[in-house]
Asker: 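Got a structure for you, written out below as structure tokens; questions coming shortly.
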Amino acid sequence: ENKAARVFSDGRQVFMAGEELMKYLENIPAANIEKVEISSHPGAKYDSGIGAVILITTTNMKYQGVKGTINLSNGYGASPRYNTGITLDAKKGKFISQLGYNYGRSKTQGITEIHTAVNPRNLPWAVSQNNINESQSHRAYGSFGVDFNKNNLLTLYAEYAPNTSTNVVMGNNGALTPQRQSQQDSVWQSLNNIRRTSSTFASQAIYESKWDSTRQSVKFTLAYSKNKGTNRVDNEVAYFDPGGVLKEKLPFYRALLPNQTDFVTVSGQYVRALWGGEWISGLRYYHTGLSNENVAYTYLNRERTIGETLSNGIAFEYNEFNYGAFTSWEAQVKSWYFQLGLRVEQNEVFSQTTSVPKGKLYNKLSPFPTLFVQKKINAKNVIAFNYSKQISRPDYSLLNPFSRFTDNTVANFVGNSQIRPARTHNLNLSWTHQNRLVFSAGAVIL
């Protein structure tokens, strides 16, 4: 259904995406996974910005002692790719612990072709880009649990993950020809060298208690994570002069984009059996804070050691506070399956830049209902209807108003710090035949 999925491992959200997330998943040994659940209708118990989830449950030690797992993998495309990891699990009496370390390294290459026709009288704008991306990641983690009496469990978790990557993007807009010279068309070559570093610390404490023969339970979660990093972009451009000589454009350009993200969440939920199904209700608070000071410099030499001049700078801060309450009920009733839920959230967003003083950009109390109904017509055919209202938050890169180069070698990108979250309505109707053939139709109202 074209939804971006959030990944949860043992109830803990994994704050990764893209290549970083792929490496994380590759380094979980298959022997350590008990089950994986995928849902495009996660319900009201999840944050209103989550449209789909992947839930990974790892195995618990079922016996006393120590278990060790080593994972080694290697792939080879244009360049080799390495992933390795080691995990130690231990159980003694009521205590369960785990320690682990993962390492990944990869190098990928790609080609991007960009074609734009501005208007019929101009030459088409055609850019060819070659990308070489090298990355290196580390992750050290540990957890400690106390199973007091099988129905009361306390789990503490922490991890530290430093990562580095280098992306070299070489671009050009074609060869110099006599026709282009006669039309005074600009012919150029460019180079972007982007170095990214980041370090993430994440921690979580969960306490869960069950009673009434496990028909009722409460669960409390406290989580905190911090990510600090920086992007350094070096950009160079060279033009062909009328005589066909390639000349470097002066001065040379460098941008530094440090950033820091803090995330805090506190939640509690109550679960009990009700009307042949399960009723879940709870409260959740979280705060996300982004801050950085971006600067750009020009230099008189390629090594960036002579003639440093500040050409652009801006400070940017973005904070979101979310207060939420939810209730949901789900049950299987003969050939029907129902999932009904309602989430109410108070969202407050603050934005501040060098030129714009701190202000409350967004302040809204909104209901987010969810509905999923599935009917098993017979052994071969199943129909389902899903409705959810969600909030769509703008990506950080879209908000940052600093003028900067990105993976595009020739275009400056400028974000807008005043973009507000959007509310969306999602509807989907599907029919599944023998678990092989699926027809679905839907709509998203923004």
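We count residues from 1, following the sequence as given. All values derive from a computational prediction rather than experimental measurement.
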Asker: Considering residues, nucleotides and ligands other than Ile70, do more than 12 of their heavy atoms fall under 6.0 Å from its CD1?
Answerer: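 Incorrect, the count does not exceed 12.
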Asker: Is Lys35 reaching over with its side chain to a backbone N or O of Thr57, donor-acceptor style, under 3.5 angstrom?
Answerer: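 It does not hold such a pair.
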Asker: Tell me if the centroids of the rings in Tyr46 and Phe8 come within less than 6.0 Å of each other.
Answerer: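 They qualify: ring centres under 6.0 Å apart.
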Asker: Under the side chain to side chain donor-acceptor pair (under 3.5 Å) test, which residues partner Ser335, sequence neighbours left out?
Answerer: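 For Ser335, the residues satisfying side chain to side chain donor-acceptor pair (under 3.5 Å) (neighbours in sequence not counted) are Lys375.
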Asker: Inspect the surroundings of NZ in Lys210 and state if more than 12 heavy atoms from other residues, nucleotides or ligands are less than 6.0 Å away.
Answerer: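 No, not enclosed.
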Asker: When you look at Arg215 and Glu278, which way does the salt bridge (Lys or Arg N to Asp or Glu O under 4.0 Å) test go after all the steps?
Answerer: CA-CA 9 Å; Arg215 287 170 53 86; Glu278 187 177 65; over 6 Å; no
Asker: Does one side chain, of Gln204 or Tyr224, offer a donor that lies under 3.5 Å from an acceptor on the other?
Answerer: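 Short answer, no.
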Asker: Using the rule given for salt bridge (Lys or Arg N to Asp or Glu O under 4.0 Å), can you reason through Lys358 versus Glu317, listing the C-alpha separation, both sets of side-chain angles and the distance that settles it, and then say yes or no?
Answerer: CA-CA 9 Å; Lys358 183 177 181 179; Glu317 290 189 19; 6.0 Å; no
Asker: Please determine, by modelled atom types, if Gln374 and Asn386 share a side-chain donor-acceptor pair under 3.5 angstrom.
Answerer: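 Looking only at side-chain atoms, Asn386 and Gln374 do not form any donor-acceptor pair under 3.5 Å.
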Asker: Could you tell me if Thr87 and Tyr141 have a donor-acceptor pair between their side chains, going purely by distance under 3.5 Å?
Answerer: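 Yes, Thr87 and Tyr141 have a side-chain donor paired with an acceptor closer than 3.5 Å.
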Asker: Is it the case that more than 12 heavy atoms not belonging to Asn435 sit under 6.0 Å from its CG atom?
Answerer: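 Not buried by this count: 12 neighbours or fewer within 6.0 Å.
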Asker: Between Tyr207 and Asn152, do the side chains contain a donor N or O and an acceptor N or O under 3.5 Å apart?
Answerer: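 Result is yes, a qualifying pair exists.
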Asker: Does the side-chain hydrogen bond (donor to acceptor under 3.5 Å, both in side chains) test come out yes or no for Asn83 and Asn71, once each step is laid out?
Answerer: CA-CA 8 Å; Asn83 283 290; Asn71 177 57; over 6 Å; no
Asker: Within 45 degrees of the axis of the six-membered ring of Phe252 and under 6.0 Å from its centre: does Arg254 put its NZ or CZ there?
Answerer: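 Judged by the rule, Arg254 and Phe252 form no cation-pi pair.
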Asker: Nearest 0.5 Å, please: how far is OG1 in Thr261 from CG in Leu290?
Answerer: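 Result: 4.5 Å between the selected atoms.
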Asker: What I want to check is whether the side chains of Gln260 and Asp262 have a donor and an acceptor closer together than 3.5 Å.
Answerer: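 Asp262 and Gln260 do have a side-chain donor-acceptor pair below 3.5 Å.
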Asker: Is the closest side-chain donor-acceptor distance between Asn294 and Asn400 under 3.5 Å?
Answerer: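 Asn294 vs Asn400: donor-acceptor pair found between side chains.
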Asker: What I want to check is whether the side chains of Asn235 and Asn192 have a donor and an acceptor closer together than 3.5 Å.
Answerer: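 Asn192 and Asn235 do have a side-chain donor-acceptor pair below 3.5 Å.
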Asker: How about Glu113 and Ser128: does a side-chain donor come under 3.5 Å of a side-chain acceptor?
Answerer: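 Side chains of Glu113 and Ser128: pair found under 3.5 Å.
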Asker: So do Arg12 and Ser203 actually touch side chain to side chain, heavy atoms under 4.5 Å?
Answerer: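 With C-beta onward as the side chain, the pair stays apart.
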Asker: Start with the C-alpha gap between Ser199 and Tyr160, add the side-chain angles, then the distance that decides, and say whether side-chain contact (heavy atoms from CB on, under 4.5 Å) holds.
Answerer: CA-CA 7 Å; Ser199 59; Tyr160 176 67; 3.7 Å; yes
Asker: Would you compute the distance between atom CG of Leu257 and atom CG of Asn292 and round it to the nearest 0.5 angstrom?
Answerer: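 Atom-to-atom, Leu257:CG and Asn292:CG are 7.0 Å apart.
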Asker: Is there a donor in the side chain of Thr370 and an acceptor in the side chain of Ser388, or the other way round, less than 3.5 Å apart?
Answerer: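 There is no such pair between these side chains.
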Asker: How far apart are the C-alpha atoms of Phe338 and Phe372, what are their side-chain angles, what is the distance that settles it, and do they pass the ring-ring contact (aromatic ring centres under 6.0 Å, His included) test?
Answerer: CA-CA 6 Å; Phe338 299 94; Phe372 178 75; 9.8 Å; no
Asker: Can you see whether Tyr362 engages Glu320 through a side-chain donor-acceptor pair at a distance of less than 3.5 angstrom?
Answerer: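 Distance-only check fails for Tyr362 and Glu320.
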Asker: Report yes or no: is the cationic atom of Lys91 (NZ for Lys, CZ for Arg) closer than 6.0 Å to the six-membered ring centre of Tyr63, at no more than 45° off its axis?
Answerer: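 Checked: cation-pi criterion not met.
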Asker: For the residue pair Tyr299 and Thr305, what are the closest heavy atoms and their distance?
Answerer: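 Closest heavy-atom pair between Tyr299 and Thr305: CD2-N, 4.0 Å.
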Asker: If we ignore angles and hydrogens, is there a donor and acceptor under 3.5 Å between the side chains of Asn319 and His287?
Answerer: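 Present: a donor and an acceptor within the cut-off.
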Asker: Has Glu348 got more than 12 heavy atoms of other residues, nucleotides or ligands less than 6.0 Å from its CD?
Answerer: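 Yes - once you tally the heavy atoms of other residues, nucleotides and ligands closer than 6.0 Å, there are more than 12.
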Asker: Give a yes/no verdict on a cation-pi contact between Lys226 and Phe201, requiring under 6.0 Å between NZ or CZ and the six-membered ring centre and an angle within 45° of the axis.
Answerer: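 No - Lys226 does not lie over the ring of Phe201 by the 6.0 Å and 45° rule.
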Asker: Regarding Trp211 and Asn151, is there a side-chain donor-to-acceptor distance under 3.5 Å anywhere?
Answerer: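 There is no such pair between these side chains.
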Asker: Specify the closest pair of heavy atoms between Leu361 and Arg420, including all atoms of both residues, with the distance to one decimal.
Answerer: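 It is O-NE, 3.2 Å.
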Asker: What distance separates Leu25 CG from Ile56 CD1, expressed to the nearest 0.5 Å?
Answerer: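 Those atoms lie 5.0 Å apart.
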Asker: Please check if the number of heavy atoms outside Lys376 that lie under 6.0 Å from its NZ is greater than 12.
Answerer: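 For Lys376, atom NZ is not crowded (no more than 12 foreign heavy atoms under 6.0 Å).
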Asker: Compute whether any side-chain donor of one residue and acceptor of the other, for Asn347 and Tyr323, lie under 3.5 angstrom apart.
Answerer: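 No donor-acceptor contact under 3.5 Å links the two side chains.
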Asker: Can you tell me if Arg304 has over 12 outside heavy atoms packed within less than 6.0 Å of its CZ?
Answerer: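 Atom CZ in Arg304 is packed in, count exceeds 12.
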Asker: So that I can tick it off, tell me whether Glu345 and Arg423 are bridged by a salt bridge, with the cut-off set at under 4.0 angstrom between side-chain N and carboxylate O.
Answerer: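 Judged by the 4.0 Å cut-off on N to carboxylate O distance, Arg423 and Glu345 do not form a salt bridge.
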Asker: Among side-chain atoms of Ser403 and Asn312, is any donor-acceptor pair under 3.5 angstrom?
Answerer: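 No pair is found: no donor N or O on one side chain lies under 3.5 Å from an acceptor on the other.
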